Amino acid sequence: MAQEIHGALQAEGLKFGLIVSRFNEFITSKLRDGALDALVRHGADEEDITVVWVPGAFELPLAAQAMARSGKYDAVIAIGAVIRGSTPHFDFVAGEAAKGLAKAGMDSGVPVIFGVVTCETLEDAVERAGTRMPNRGFEAGVTAIEITNVMRQL
């Protein structure tokens, strides 16, 4: 029988970096709250969580790279909200944030979680912050716990 590896949803003793975009803060603060709730609910100590605010989603990758390379964190969670407007700005910001966060994780070997909601409308963003759909920040927190525990077994 093949060996299977699963990541337990246990956060005791793990250290997390949480980077939050200040742009669209009315959404990102709710996503941050969801991520913190997930981490603490699964056993993380609040003193083992560092929250860093950056200006916008475009700045998330640089901060994520610095946190991941620091050796202080088992996982880094990037929280942001990019809402489409009438210009192509959305495509540039969302795409570069995604590529940069993936690169930060790959280069460092530390899980970097994409907790950025990319939405067509403000209403979509509000829903993803937990009004009608599960809070995407909470889901990012759970993802961070699970992949960290998977990585420890590889």
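Note that the structure is predicted; figures quoted are calculated from it, not measured. Every heavy atom of this structure was used, including side-chain atoms; hydrogens, water molecules and symmetry mates were not.
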| request: Could you tell me whether the side chain of E146 and the main chain of T143 form a donor-acceptor pair under 3.5 Å? | output: no
| remark: In this structure, CG of D91 is separated from CD of E96 (nearest 0.5 Å) by 11.0 Å
| Inter-residue atom distance E46.CD - L36.CG, 0.5 Å rounding | 7.5 Å
| Stepwise side chain to side chain contact (heavy atoms under 4.5 Å, CB included) check, E123 with V126 | CA-CA 5 Å; E123 292 77 21; V126 169; 5.7 Å; no
| request: Provide the closest heavy-atom pair for S108 versus A68 in the form atom of the first, atom of the second, distance. | output: OG-CB, 3.3 Å
| message | Any heavy-atom pair between the side chains of T50 and M67 that's under 4.5 Å? | response | yes
| Passing option when I77 is tested against L39, I145, V112, V51 for side chain to side chain contact (heavy atoms under 4.5 Å, CB included) | L39
| message | Looking at F26, I'd like to know if its CZ atom is crowded, meaning that more than 12 non-hydrogen atoms belonging to other residues, nucleotides or ligands lie closer than 6.0 Å. | response | yes
| said: Rounded at 0.5 Å granularity, tell me how far CG in L60 sits from CZ in F23. | reply: 12.5 Å
| task | Take V54 and L62, measure what side chain to side chain contact (heavy atoms under 4.5 Å, CB included) needs, and give me the verdict at the end. | result | CA-CA 10 Å; V54 297; L62 182 61; over 6 Å; no
| request: Would you give the length of the straight line joining atom CD1 of I83 to atom CG of N24, rounded to the nearest 0.5 angstrom? | output: 4.0 Å
| request: Answer yes or no: is there a donor N or O on one side and an acceptor on the other, between the side chain of D37 and the main chain of F138, under 3.5 Å? | output: no
| request: Provide the closest heavy-atom pair for A44 versus F16 in the form atom of the first, atom of the second, distance. | output: CB-CE1, 4.1 Å
| Sub-3.5 Å donor-acceptor pair from the side chain of Q10 to the main-chain atoms of G43, do we have one? | no
| Under the 3.5 angstrom rule, does the side chain of N135 hit a backbone N or O of K30 as a donor-acceptor pair? | yes
| field | side chain to side chain contact (heavy atoms under 4.5 Å, CB included) between H42 and L14, worked out | value | CA-CA 11 Å; H42 289 89; L14 299 178; over 6 Å; no
| said: Taking side chain to side chain contact (heavy atoms under 4.5 Å, CB included) as the criterion, tell me which of V76, T148, V142, I147 meets it with I113. | reply: I147
| Is the backbone of I79 close enough, under 3.5 Å, to the side chain of R136 for a donor and an acceptor to pair up by distance? | no
| remark: So OG1 of T121 and CD of E127: to nearest 0.5 Å the spacing works out to 7.5 Å
| Are the side chains of K103 and P61 in touch, meaning some heavy atoms are under 4.5 Å apart? | no
| request: Run the salt-bridge test on D74 and K15 with the 4.0 Å N-O cut-off and return the result as yes or no. | output: no
| What heavy-atom pair brings A64 and L101 nearest, and what distance separates the two atoms? | CB-CD2, 3.6 Å
| said: So for atom CD, which belongs to E47, do other residues, nucleotides or ligands contribute more than 12 heavy atoms lying within a distance under 6.0 Å? | reply: no
| said: Has D124 got a side-chain atom pairing as donor or acceptor with C119's backbone, closer than 3.5 angstrom? | reply: no
| said: R22: which residues meet the side chain to side chain contact (heavy atoms under 4.5 Å, CB included) condition with it, sequence neighbours left out? | reply: E25, W53, P55
| field | Distance in Å, T28 OG1 paired with D33 CG, rounded so as to fall on 0.5 Å steps | value | 9.5 Å
| said: If you compare all heavy atoms of L31 against all heavy atoms of A129, which two are closest, and at what distance to 0.1 Å? | reply: CD2-CA, 3.8 Å
| task | Quick one: closest heavy-atom pair of T118 and A94, and the distance? | result | CG2-CB, 3.8 Å
| task | State whether the number of non-hydrogen atoms from other residues, nucleotides or ligands found under 6.0 Å of E12 atom CD is greater than 12. | result | yes
